[in-house]
Amino acid sequence: QAQLVESGGGLVQAGDSLRLSCHGSGRTFSPYTMGWFRQAPGKEREFVAGISWSTSKSYDKSVEGRFTISRDTAENVVYLQMNNLKPEDTAVYYCAADFNRLRNYVPARPKEYDVWGQGTQVTVSS
């Protein structure tokens with residue numbers, strides 16, 4: 001059974017950096033698009049960044065230039081490097097896998113992803 005497990009969250013101050021990891025198990029995720037989403041209290045889950053099987057990348061405008069998504073296909077891991085964190089980045093961060101290889105774009109809607117991790121909390125204090 002395919003599973004994703006996130007790690008690397010924590011409590012940091014504004015301007016600090018964190019690197020989130022998403023470890024896949026149960027199958028190889030290298031052929032699939034992987035995405036990072038976040039959900040703050042009282043808000044809907046929103047797209048943060050995604051990386052396709054061909055390593056093309058997509059970012060939400062709110063994180064572009066500060067966050068970088070990457071993947072290590074040999075280790076079945078996807079990373080989200082977050083720099084210059086802001087209080088508004090506070091949320092639970094989730095990684096997800098899109099098993100639809102017919103898509104030629106990185107999807108930004110949660111319903112387009114098939115497998116989700118349990119999430120990791122990121123809290124940024126001002």
Decide whether [X] and [Y] are clustered together by the hydrophobic rule: side chain heavy atoms of Ile, Leu, Val, Met, Phe, Trp, Tyr closer than 4.5 Å, transitively.
X: V92; Y: V48; answer: no
X: L80; Y: F37; answer: no
X: Y113; Y: L20; answer: no
X: L18; Y: I69; answer: yes
X: Y59; Y: Y79; answer: no

(message) Take a 6.0 Å sphere around CZ of R109 and say whether it holds more than 12 heavy atoms from other residues, nucleotides or ligands.
(response) no
(request) Could you tell me whether W116 atom CH2 has more than 12 heavy atoms of other residues or ligands within 6.0 Å of it? (result)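 Correct, the count exceeds 12.
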For [X] and [Y], which heavy atoms make the closest approach, and how far apart are they?
X: S56; Y: V106; value: O-CG2, 4.1 Å
X: L4; Y: M34; value: CD2-CE, 3.8 Å
X: A14; Y: S126; value: CB-CA, 4.4 Å
X: G9; Y: T120; value: N-OG1, 3.2 Å
X: P31; Y: R101; value: O-NE, 2.9 Å
X: C22; Y: W36; value: CB-CZ2, 3.6 Å

Answer yes or no: is there a donor N or O on one side and an acceptor on the other, between the side chain of [X] and the main chain of [Y], under 3.5 Å?
X: R71; Y: F29; value: yes
X: R103; Y: E112; value: yes
X: S52; Y: T33; value: no
X: E6; Y: Q118; value: yes
X: Q13; Y: S125; value: no

(request) State yes or no: are the ring centers of Y32 and F99 separated by less than 6.0 Å? (result)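 Ring-ring flag for Y32/F99: true, centres closer than 6.0 Å.
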Within this structure, what is the [atom1]-[atom2] distance for the pair [X] and [Y], rounded to the nearest 0.5 Å?
X: Q1; Y: R27; atom1: CD; atom2: CZ; result: 11.0 Å
X: E88; Y: R38; atom1: CD; atom2: CZ; result: 8.0 Å
X: Q81; Y: S70; atom1: CD; atom2: OG; result: 8.0 Å
X: T68; Y: R19; atom1: OG1; atom2: CZ; result: 11.5 Å

(message) Determine whether Y105 and S58 satisfy the following criterion, side-chain contact (heavy atoms from CB on, under 4.5 Å), listing intermediate values before the conclusion.
(response) CA-CA 9 Å; Y105 61 92; S58 177; over 6 Å; no
(request) Return the orientation label for the Y93 and F67 ring planes: parallel under 30°, perpendicular over 60°, tilted otherwise. (result)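 Tilted, since the angle between the ring planes falls between 30° and 60°.
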(request) Could you walk me through whether C95 and V78 pass the side-chain contact (heavy atoms from CB on, under 4.5 Å) test, one step at a time? (result) CA-CA 8 Å; C95 72; V78 178; 5.9 Å; no
(request) Let me see the working for E75 and S21 under side-chain contact (heavy atoms from CB on, under 4.5 Å), right down to the final yes or no. (result) CA-CA 11 Å; E75 296 295 327; S21 301; over 6 Å; no
(message) Checking S17 now: which residues fulfil side chain to side chain donor-acceptor pair (under 3.5 Å) with it, not counting sequence neighbours?
(response) N83
(request) Go through the structure and list residues passing side chain to side chain donor-acceptor pair (under 3.5 Å) with N100, not counting sequence neighbours. (result)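 With sequence neighbours excluded, N100 shows a side chain to side chain donor-acceptor pair (under 3.5 Å) to no residue whatsoever.
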(request) Could you tell me whether the side chain of V122 reaches within less than 4.5 Å of the side chain of T90, counting heavy atoms only? (result)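 Counting from C-beta outward, T90 and V122 never come under 4.5 Å.
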(request) I would like to know whether D89 and M82 meet side-chain contact (heavy atoms from CB on, under 4.5 Å); could you show each step before the answer? (result) CA-CA 9 Å; D89 295 319; M82 306 186 296; over 6 Å; no
